[in-house]
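All values derive from a computational prediction rather than experimental measurement. All values below were derived from every heavy atom in this structure, side-chain atoms included, with hydrogens, water molecules and symmetry-related copies excluded.
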Amino acid sequence: MTAQIIDGNAVAARIREEVRQGVEALKRDYGIVPGLATVLVGENPASQTYVRMKQKACQELGMVSFGYHLPGDASQIEVEALVRELSANPEVHGILVQLPLPRHLDEEGVLGAVALEKDVDGFHPVNIGRLAMKGREPAFVPCTPNGVIALLDSVGVQIEGANAVVLGRSNIVGLPTALLLIGRNATVTVCHSRTRDLPGVTRQADILVAAVGRPQMVRGDWVKPGAVVIDVGVNRVEDPTTKSGYRLVGDVAFDEVKEVAAAITPVPGGVGPMTIAMLMKNTLIAAQRRAKAQAAAPGGL
């Protein structure tokens, strides 16, 4: 059996087209252009690349991009002041603080300074708290975890009642993904570095989400035949045959696992495109909510 390849590029393209149409409708009906502000602190090359990709996506979809880059030694007061200033700016509908932040900064304090209605990255402590509570809805769902669920839905995976294993417990991917799966009535196990008999646990999964940051850690014999595997990892490994001297691989040994799984995401081209697509969707939703609130207020828009 060779697994179905879940094409994240194709799914993301459909979402981006829906967002583009939504942006046009918002401009036409309300005269509002969605605006996304990105806050980058320091000189992390990967973070710089991610921010450029998000800014480019805004331009392609007709949104406005506001980019702010602070030095790596910026103080907690300076970063929080910028975030609060953006929270008060009516032209900014969404705020993204690029993570990770330099170690001297209190991440929770910075994220907590983002206005709840502009937290399009979904990492405000209140949004995460709502995500973790039964019967509560966050204003926004974190983008990568939301993309994972969208990919599962795109190939008709039955989440309710499934045994799901999430490999990795980061605040950015692992834990929010586990919470979303619980919210969809899966039975969820979260694995980490202290998990005993890790291969034995992952072999019980109908749905396996790998988000641990270790190249090709999940081998073919770790996977239950017929499972659906979502590979969130993006890792550089040396490859002298390429022009760059490296290639990108996931947390899953793709060539092995695709012969066991029913469906699998590739790296690149799987979860990666979904993150930005979901960010653009959240930004549009934030602008739509703002437009409707302004139209309902005395005097309207």
Side-chain angles (χ1 to χ4, degrees), residues 32-61 63-132 138-147 169-176 211 213 234 272 275-287 289-291 293-294:
I32 288 178
V33 180
L36 174 67
T38 56
V39 177
L40 174 63
V41 184
E43 308 299 329
N44 184 306
S47 292
Q48 291 174 333
T49 298
Y50 294 148
V51 165
R52 285 195 297 269
M53 291 170 65
K54 292 161 185 173
Q55 293 171 340
K56 180 181 178 183
C58 284
Q59 295 167 1
E60 292 173 347
L61 299 179
M63 298 183 180
V64 179
S65 175
F66 303 92
Y68 296 86
H69 188 178
L70 297 177
D73 60 356
S75 69
Q76 186 78 20
I77 292 174
E78 290 172 322
V79 179
E80 289 189 20
L82 172 59
V83 170
R84 290 195 176 92
E85 179 183 328
L86 295 172
S87 293
N89 185 340
E91 294 183 357
V92 173
H93 301 95
I95 301 170
L96 180 144
V97 178
Q98 184 63 47
L99 302 177
L101 291 169
R103 289 187 176 184
H104 71 279
L105 294 175
D106 173 22
E107 181 180 293
E108 184 175 350
V110 172
L111 296 177
V114 177
L116 202 58
E117 68 273 13
K118 299 186 180 186
D119 177 39
V120 291
D121 221 14
F123 290 135
H124 190 289
V126 171
N127 271 327
I128 292 296
R130 288 177 177 173
L131 187 65
F140 298 99
V141 175
C143 301
T144 300
N146 208 14
R169 53 178 172 176
S170 72
N171 289 334
I172 295 175
V173 180
L175 292 180
V234 180
T275 299
I276 292 180
M278 289 303 187
L279 175 65
M280 297 298 107
K281 183 176 181 178
N282 279 353
T283 302
L284 172 62
I285 290 170
R289 289 172 178 167
R290 177 64 176 166
Q294 288 179 323

[atom1]-[atom2] distance between [X] and [Y], expressed to the nearest 0.5 angstrom:
X    : Y    : atom1 : atom2 : result
K54  : T283 : NZ    : OG1   : 10.5 Å
I285 : M278 : CD1   : CE    : 9.0 Å
T275 : M53  : OG1   : CE    : 9.0 Å
L40  : L70  : CG    : CG    : 8.0 Å
M63  : L279 : CE    : CG    : 8.0 Å
F123 : L111 : CZ    : CG    : 8.0 Å

For [X] against [Y], the heavy-atom pair lying closest together:
X    : Y    : answer
L86  : A37  : CD1-CB, 3.9 Å
P142 : L131 : CD-CD2, 4.2 Å
P176 : N171 : CG-O, 3.0 Å

Taking C-beta and beyond as the side chain, do [X] and [Y] meet within less than 4.5 Å on heavy atoms?
X    : Y    : answer
P34  : C58  : no
V120 : I95  : no
L82  : V39  : yes
L116 : R130 : yes

Would a distance-only check, ignoring hydrogens and angles, find a side-chain to backbone donor-acceptor pair under 3.5 Å from [X] to [Y]?
X    : Y    : result
H93  : G35  : yes
H104 : A74  : yes
N127 : G122 : no
E78  : S75  : yes
T49  : P45  : yes
N282 : V141 : yes
K118 : S87  : yes

What do the steps show when you test L36 against S65 for side-chain contact (heavy atoms from CB on, under 4.5 Å), and what is the final call? CA-CA 5 Å; L36 174 67; S65 175; 5.8 Å; no
Go through the steps to decide whether V97 and D121 satisfy the test side-chain contact (heavy atoms from CB on, under 4.5 Å), and finish with yes or no. CA-CA 8 Å; V97 178; D121 221 14; over 6 Å; no
Atom CD of residue position E91 - does it have more than 12 heavy atoms of other residues, nucleotides or ligands inside 6.0 Å? no
Residues, nucleotides or ligands: over 12 heavy atoms within 6.0 Å of F66 CZ: yes
side-chain contact (heavy atoms from CB on, under 4.5 Å) between Q294 and I32, intermediate numbers included: CA-CA 11 Å; Q294 288 179 323; I32 288 178; 3.4 Å; yes
Given T38, which of Q98, Q55, R52 fulfils the side chain to side chain contact (heavy atoms under 4.5 Å, CB included) condition? Q55
Can you find a side-chain donor-acceptor pair between E80 and Q76 that sits under 3.5 Å? yes
Please report the C-alpha distance between R290 and E117 in whole Å, then the side-chain angles of each, then the deciding distance to 0.1 Å, and finally whether the side-chain contact (heavy atoms from CB on, under 4.5 Å) criterion is met. CA-CA 9 Å; R290 177 64 176 166; E117 68 273 13; over 6 Å; no
